[in-house]
Each structure stands twice: as C-alpha cells, then as structure tokens.
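Throughout, residue positions are numbered sequentially from 1 according to the sequence presented.
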Amino acid sequence: MWERTLQDLIRGLRANKQDEAKFIAQALDEIRNEVRSKDMELKAAAVLKLTYLDMLGYDMSWASFNVVEVMSSSKSHLKSVGYLAATQSFNEDTDVLMLTTNLLKKDFTSKPDDVAVSLNGFSHIVTPDLARDLAPDVIKLLSHSRPQIRKRAVAALYKVFTKYPEVIGHAMGRVRERLEDPDPGVVATTINVLCELARHNAHDYLPLAPQLFHLLTTSSNNWMLIKIVKLFGYLTPNEPRLVKKLQPPITELISTTPAISLLYECVRTCIIGGMLQGLAGNSLARTCVTKLATFLEDEDQNLKYIALMAMVRIVPSHPHLVAEYQDMILASVDDQDISIRMRALDLVTTMANSHNLQPIVQQLLSHLVKNESSTLPSAVQSLAQHGTQITSKSIVSPSQSPAYRLTLSQRILSLCSQNTYENVVDFEWYLSVLVDLAYVASVDIGAQIRDQLVDVTARVRGARRFAVSLMVKLLCDDSFLNNAGEPGSCSEVLWAAAWICGEYCGELVEPHKLLTYLLQSRVLNLDPETIAVYLQAALKIFGVWTAELADRWDNDDLPKVRQMVDTIIDRISDFVSNQDIEVQERAANMLQLFTFVRADLTAFRPHVNSSYPFDDVAADSFQDVISEPRFPKSLYLIRPLSSTYELNTVATNAQALVPVPEGLDLDAWIVPPPRDELGALNAEGGDEKGPTVKKVKKGKRKETGGAKVKTKKRRDYPSSGDIVQSAPEAETEEERVARERLKAERMERLKDDPFYLVDDRPPRAIPPDVDSIPIVRLDDLPPLSQAPDSRLLSLKNPSPGGSRQTFVIDKVGEMPEGATPSPPIARESSPSFGNGVATSTPLSSFPPYEVEDEISRTGTPPPIKVTRAKKKTKAVSSGGKKKRTVTSDIAT
C-alpha cells in the first residue's frame, strides 16, 4: 500500500531537481524489488515506471523478462502495459524475443481487444524470425470479422514484408482482396501499404492496376486518392500503356479538386509518369502549368515553393508554357524567403533561351545592386559608384547573404555560357555584363569572370575591339587595385584585362598611354600570376606601338620613344626583385631587352635626307638605304616575339586528331627488343620459307652477316612498308594466324607498359581500291597556282564574319593541320578540302603524274585503272593473267 505510482515518481523528479541522480537511484532500487513481486498489478506498475525512466535515457534491458511476464497477463489493461514496455525497450538483439512467439500466437486468437494490442506491439518488435513464424497467423487476421482488426493486420503485414520478403507472394492474394473491402479504412490502409511497397519494386504490383484505377475513378477520399495517384506514378514508368488510360481522370482531378495536396500530387505524377507527352500530354501540361501559376500568386509560401518545384520539372519538356509566366517567376526571385529564391533561380536557369536571356540576366544582376531598377547601366558608367555602397547594407536584405550572392553570380555565368554561349546574341552586351558582375558581385567569383572574358574575346572576333576598350577602362580604374587584397574584390579580372589588351593591342588607338598603368607600383599588390601577365602585356604593347611608329617614322618621335623606354626601365626595376620566380624572370628578360633598345636609340642618328631615298644615285645607294633605315632598328625587335602566329581557341579533341607524320611507324620499337622477341618479330614479317628456316636465318643475321642475308634483313626488318607489301604475296594462312597471335600476345604484354605508346585512336577508313586513289585525286586536283590562294582564304575567312551584324563565335576551336579526314571518293568536294590536307600526299608521292594525267587523260580514268593493274600483274603474274589483260585491253 506504500508503493509509489508513476504519478508519484514524476512528482518526486520535479521536487528533487537539485539531487535528481540520487532520487532516481533510490527509485530504481524500489522498482527492482517490485518487479520480483508475484502481484501482477505491482509488477505492471513497476514496468510502467521503468518505461518512463527509459524515455529519460535510463537502461531497462535488465527487466526484459519481467516485461514478457506482464505481456502474458490475462488482463487487457496489464497486457497493454507490457506491450508498451516491449515497444519502448525491445530490439532485434533482445534475447527474450524467442519467448514471445507462442505468446503472440495465443494473443492473435484471443478476444478483439487483445488482438488489437498484440498486433500493435508485434509491428514494433518484429524480427525476421518472428515474421517467418507468425506471418500465417497475421494473414489469417485479414479476414477477421471486425474492420479495426483487419486494418491493423494489413498495417502489421507491411512490417512482415520488410523483414521477411519471401512471404509477399503468398500473401499478395489476400492483400488484393482488401482493396474491395466494404470498410473504407481497410481499403485506405491497404493502399498505403501498397504505395510503400511499390517504391522499391513497382513492377511486381502492376497486376493491381485495374482495381486501383477503379478506386481512382470512384473514391471521394482525398487522402486515399493522393496515395493512389502516387502509386500510379510508380507504376507508369514500368507500363507505358497506363499513361493513355490515366490522362482523362488525372486531368479531371487537376481541373476540379479544391484540395491543394491532391492537386500537387497529380501534377507530380504527370511529370514523373511521362503523361505530358503527345497531343493529349500537351493539353495536360498546359492545365498543370496554369494551376501552378495560381500558386505563385498565393500568399502561402508553401504553395509558392511547391509550384516552383513542379515547374522546374515541367520546363525541360514544355519550356514555352512556363515562359508565359516569366514575370511571375522573376518576381519570386525577389521573395524574402531564401528557399523560394533558390527554387526560382533553378527555374530561371532552365527556362532561359536566346530570346529572354537578356531581360533575365539584367533582372538577376539588379539583385546584386542596391536601390537600382532592373535595367542596369554599363560597367563604364554608374556601376562603379555602387561598389562602395554594397558593404554598408550587406545585412539588410536576404539577397546580400554571401552564399546567395555567390550562387546568383554563378547562375548568371552558367546561364550565358551554357553550350558555348548558345543563347548569347549580343556579345558586347555580355562583355558588359561580365564587367558589371565584377563590380557588384562582392564574392569570390573573379576567377570565373576572368576565364569567360578571355574565352569570349578569343572566340568572337567581332567583339574584340569592344572588349579591348572595356579592358582599358578596367586597367585605368583604381578600385580593383585598391581592393586587391580584400575577399570578394574580383581583382582576377585584371588578369583578363591585361591579357586581352596585350594579345589584341592592335585595337588600341594610343597603346603607349596604357604602359604607365601596367607598370605602376601598385601592381605589386596583385597576385604574382597577374603581375606576370601585366609584364607580358606591357612588352607586347610596346612592341606593337614601336612597330607602328617605325612604319610612319618621324624624327620628332625619337624623344618620345626614348622617354618611354627610360620610364619602362625605371619602373621595371621594382619587379626584378619580386619574390615570385615567374615575375622575376619576366622582369629580368624585359630589363635586358629594353636596355638593348635604349642603347640602340642612343646610338641612332637621324638621316637628314632620309625622305628622298631615290635620287639621282638611287641605283648605287639603294642597298645602303635598305641596310640603314630611317628609323632605329630596335623598334622592330619586340613585336615578332609575340605576333608571329595568331593565338586561337583550341578544339577539345584537337590533341587526339593530330595526324601521324609521314614515315612515323607507331608500331616500330623505340628500344630494340631482346633476342627471343626479335625472332617473334621476324616471324611476324612473314618470310617465304617455313618457321624452321626462319630460325636459322635469325642466327645468321646476328652472327655471320652474309650478303644475301644482309639484303633480306634490310628489306624485311627496318622498312615496315616492304613487309606490308610483300607479306600478302607469299604468306600462308598458318603464317598469318601465327603472326596475328604473336602480335596480339605482344600488344597484351605491352598494354600496361608506361614506356610503350599505344595508338588508341579509331582506324581511318581505307578505300577499297588502293591503286585508284591517286588517279581520282589527281584528276580532280585544281591547278597548282590556285592552292596557295585557297590557303590564304582559309586564314582570312573568319575576319569578314566579325564585320557582320550578327556575331560569329568559334564554338569548335582550332584543329591541327591535316586532322580533318578527307571525304571518301567525293569528287566534287575534293578541291575545297584537298588543298590543305588531302592533295598534299599525292603531290609529294606522285610528282611526275600530275601534269601528264591532266593533259593526256582528261576524261577516261577507268581505262587508266585497268592499264595500271595490268602492268602490276604483268611483272609478277604468270601467262594466264596475261591473257586476261589482253582481253581487258580489247574491251577497253
């Protein structure tokens, strides 16, 4: 009568907060004594208190057997306490679970209250062994007379299926019957179980489609309809014929249901189930997008979020439908909720095209600027003044979060650069956007902006002049230099600015004025990589400027050049002592070059009558004029160092398409093989005699060196071409098989050898008739005088494209000379493709046949083929083949 109840334990815990551990230790001692009692009421109360302490983190595994004792009580209220304690404390490693099998079997056949309690407890403590032993008993309960028992049995079967999947096939027939149960609660529970099972293996539940479709069209329970629609979303990818059947009821549900959750589930099922394809799918997609657009105008943030999530999935297949609500989507980018902003960015990224790219980018770019409208000025104008205002308000708006600003900046770059700037129409606009982004981003995005500035300028010739003008303004602006050491300064764009101005300095009007900015002392605050590019750009600009001065030389320009050289030498001395080895080396080289230029300028004496090089004694003094020009020779010293070849973008697969030079045999040994492998190589060569004779000859080749053997060695071993030509004439089938086997063994052995170069490129197409290749190409070869002209045109072709109204971008890149394979026997197209690649081989291989073929054989190439074949066979063949050639001559 003095035992503490659960209420007393809770009151004691609240009253002893200062010494809780002592109180709980005392309570546990009391509980240990109570669970040993034979009074089931007292034991159940003790177990109930242990269950509460277990929820507070105290272990009660020592009382597992006592819990089973309480579970076996004949009183329902005590039995429920025992099952509650079991669900709280038992796990698969509990050793007393084996004692519960017969107990559960007995409870499953007891009165309904005990069955309900035991099913609930069984679903929590089920193990693979319990599931195997008790599955038949649970399946029997599916036909219980009471619906609440049937509902609990269906729910318990889900745990049985997950622990013991082998029983699914035996129980599925009984589960299928529950889909037609008169109680809607049992049907809803069955649908929930099937929906969870279909997530893992939907193909096994396709036979249930007719019954599920009947429930979809007849049920009015929204929660059950949600599960049915989700279940069909798992089934339709495995059975495409369901799509056509489901489109009408799904469309009706989307159009009529007021339940937002059901509407979203229908839209999601249409997307993942492939129901938006075809004519009927287009109308369904329009219905879905229209419904989702209403969510974007709702004040509920959850509806906005799910609408954006669904539109992200629809836009890949129906971008034109989502584009109709572009303004609403862009408005979501201004939302205060950061999650909605991110989903809106995802949607904007996928819906951009060449028509809406500019307004989308301008809208996104405006979010990085404070108190600005969506239309931004160019980088040259007013964006620079906002750079100092960004820091003061960086905490006010969610858009000023560094993580969000970085994501937004990256999205702008990815939007414009996807598929090699496929959606960019105006590249001058995009260059301005890149510069604008560098000013207002305030995050570490400078390296990506730098790469795209260089890439766009190199690929788009028509935008280079505008790019150079923008880069000059960047170099003259002190904001990037002053903030070079700060995070988010985007000072990496100065690397691109210096590189572009140096590489395309021919577009500069007054290049010498930029030298003072490139060599100022504050440049030393930049990173060494950028400083090195600054020095290289200064050298290129000076070389182009002095070369232009030499072309229009005036003696009045000499003091200006001397002053510039002295200034450069004075400023470059600070870079020579830089700690970075790259900067130091470039500065030292430049210092020596400019020292030489200054010495030449000092020694130069202007020619008084240099304006009249051709006078009465022009014939005698012409050579003197050439050797002593009217300008200093050092003015032409630097420009050839960087302007000899044009720097273009390189194709991604250019390295793999480099042609093998003529005369290079990739199968030849770089290091001679051992003696035993040398015998294998000779066997591959295919001598006319048997294998035993070859072995004797190998020994003679190494030791004796007779004349006949030496001749054969020179013909067979060093020259791979002779081997290929002679092998088909005398090689037998056995020798060919042996040679291929030895070659395969050798290639397999050398496959992982790092010192062996393997040609893994696909083999080029070999024309079937080798003898006809020179004849066909020589017949269609243009005159020799036209070949240089076509090559010059190929170099000048890109230049007119830059002057067009639309920009031309080099998406492919530069390919190595001779990389493009010639078309197979394309007679009409051979002059256009052959001048640079295809005809170079015939010209070098058949020089005497070129003119003769063009003069004497103007229109009859087939007889020439036959005649040449006749001559080849005549030297080798017997008399029988002579008769064939005679008949062919008569026929021709």
Side-chain angles (χ1 to χ4, degrees), residues 71 76 79-80 83 86-87 97 100-216 218-221 223-228 230-232 234-235:
M71 290 169 59
S76 298
K79 186 183 290 292
S80 62
Y83 276 104
T87 58
L97 277 176
T100 61
T101 303
N102 292 328
L103 174 62
L104 289 169
K105 282 181 176 287
K106 178 183 176 181
D107 289 341
F108 287 163
T109 59
S110 183
K111 55 185 179 180
D113 293 342
D114 293 345
V115 174
V117 171
S118 60
L119 282 174
N120 182 58
F122 168 72
S123 63
H124 287 84
I125 66 174
V126 63
T127 62
D129 294 334
L130 285 177
R132 182 192 63 237
D133 298 335
L134 298 176
D137 301 274
V138 179
I139 294 173
K140 290 180 182 178
L141 293 176
L142 294 177
S143 58
H144 199 276
S145 58
R146 297 201 177 189
Q148 62 267 27
I149 301 300
R150 298 197 299 270
K151 183 167 59 174
R152 290 173 183 264
V154 172
L157 266 181
Y158 173 70
K159 287 299 188 69
V160 174
F161 292 161
T162 56
K163 296 294 182 179
Y164 189 65
E166 290 81 357
V167 78
I168 294 179
H170 303 285
M172 191 50 61
R174 302 293 297 275
V175 174
R176 187 170 187 173
E177 295 175 359
R178 294 308 97 207
L179 291 176
E180 300 175 356
D181 196 279
D183 187 79
V186 178
V187 178
T189 305
T190 307
I191 293 295
N192 277 274
V193 171
L194 292 174
C195 187
E196 293 300 319
L197 293 174
R199 290 174 54 192
H200 307 288
N201 189 8
H203 187 270
D204 293 344
Y205 303 96
L206 285 175
L208 303 177
Q211 291 174 285
L212 295 174
F213 183 80
H214 175 71
L215 292 172
L216 178 66
T218 58
S219 177
S220 59
N221 186 344
W223 293 111
M224 188 166 68
L225 287 174
I226 289 174
K227 292 294 182 179
I228 294 174
K230 182 180 291 187
L231 184 55
F232 273 120
Y234 299 140
L235 297 180

Atom pair OG1/CG of T101 and D133 - distance to nearest 0.5 Å:
5.5 Å
Kindly give the heavy-atom pair with the smallest separation between L235 and A202, and that separation in Å.
CD2-O, 3.3 Å
Nearest 0.5 Å, please: how far is NE2 in H170 from CD1 in I168?
10.5 Å
For K140 and D137, what are the C-alpha separation, side-chain angles and deciding distance, and is it a salt bridge (Lys or Arg N to Asp or Glu O under 4.0 Å)?
CA-CA 5 Å; K140 290 180 182 178; D137 301 274; 5.1 Å; no
Taking all atoms of both residues into account, what is the closest heavy-atom pair of V115 and S110, and its distance?
CG2-O, 3.4 Å
The complete set of side-chain hydrogen bond (donor to acceptor under 3.5 Å, both in side chains) pairs with one or both residues in residues 151-169, sequence neighbours excluded, reads E92-K163
Is D181 salt-bridged to R150, going by a charged N under 4.0 Å from an acidic O?
yes
Can you tell me how far apart CG (L212) and CG (L206) are? Round to the nearest 0.5 Å.
10.0 Å
With N201 via side-chain hydrogen bond (donor to acceptor under 3.5 Å, both in side chains) - residues at least two apart:
D204
Does any non-hydrogen side-chain atom of T100 lie less than 4.5 Å from one of M71?
yes
Applied to residues 119-155, the ring pair (Phe, Tyr, Trp, His ring centres under 6.0 Å) test, sequence neighbours excluded, yields F108-F122
Can you name the closest pair of heavy atoms from S76 and D113 and give their distance?
OG-CB, 4.5 Å
Heavy-atom closest contact (S219 atom, L225 atom, distance):
O-CD1, 3.7 Å
Anything under 3.5 Å between a donor and an acceptor, one on a side chain of residues 186-194, the other on a protein residue two or more places apart or in another chain? List them.
unit_1 : atom_1 : unit_2 : atom_2 : d
T189   : OG1    : G185   : O      : 2.8
T190   : OG1    : V186   : O      : 2.8
N192   : ND2    : A188   : O      : 2.7

How far apart are the closest heavy atoms of L231 and A198, and which atoms are they?
CD1-CB, 3.3 Å
Could you pull out all residues at least two apart from Y83 that satisfy ring-ring contact (aromatic ring centres under 6.0 Å, His included)?
none
If we only count heavy atoms from C-beta on, is the K227 to E196 side-chain gap below 4.5 Å?
yes
Just verifying a value: how many Å separate S118 OG and K106 NZ, rounded to the nearest 0.5 Å?
12.0 Å
Kindly indicate whether the side chain of P207, heavy atoms from C-beta on, has any atom under 4.5 Å from the side chain of R176.
yes
Minimum heavy-atom distance I125-A86, with the two atoms named:
CG2-O, 3.7 Å
Could you tell me whether R132 atom CZ has more than 12 heavy atoms of other residues or ligands within 6.0 Å of it?
yes
How long is the span from the CE atom in M224 to the CG atom in L215, to the nearest 0.5 Å?
5.5 Å
Just jot down the side-chain hydrogen bond (donor to acceptor under 3.5 Å, both in side chains) partners of E180, sequence neighbours excluded, or say none.
Q211
For atom NE2 of H200, decide whether the heavy atoms of other residues, nucleotides or ligands shown that lie under 6.0 angstrom number more than 12.
yes
Between atom OH of Y205 and atom CG of L197, what is the distance when rounded to the nearest 0.5 Å?
4.0 Å
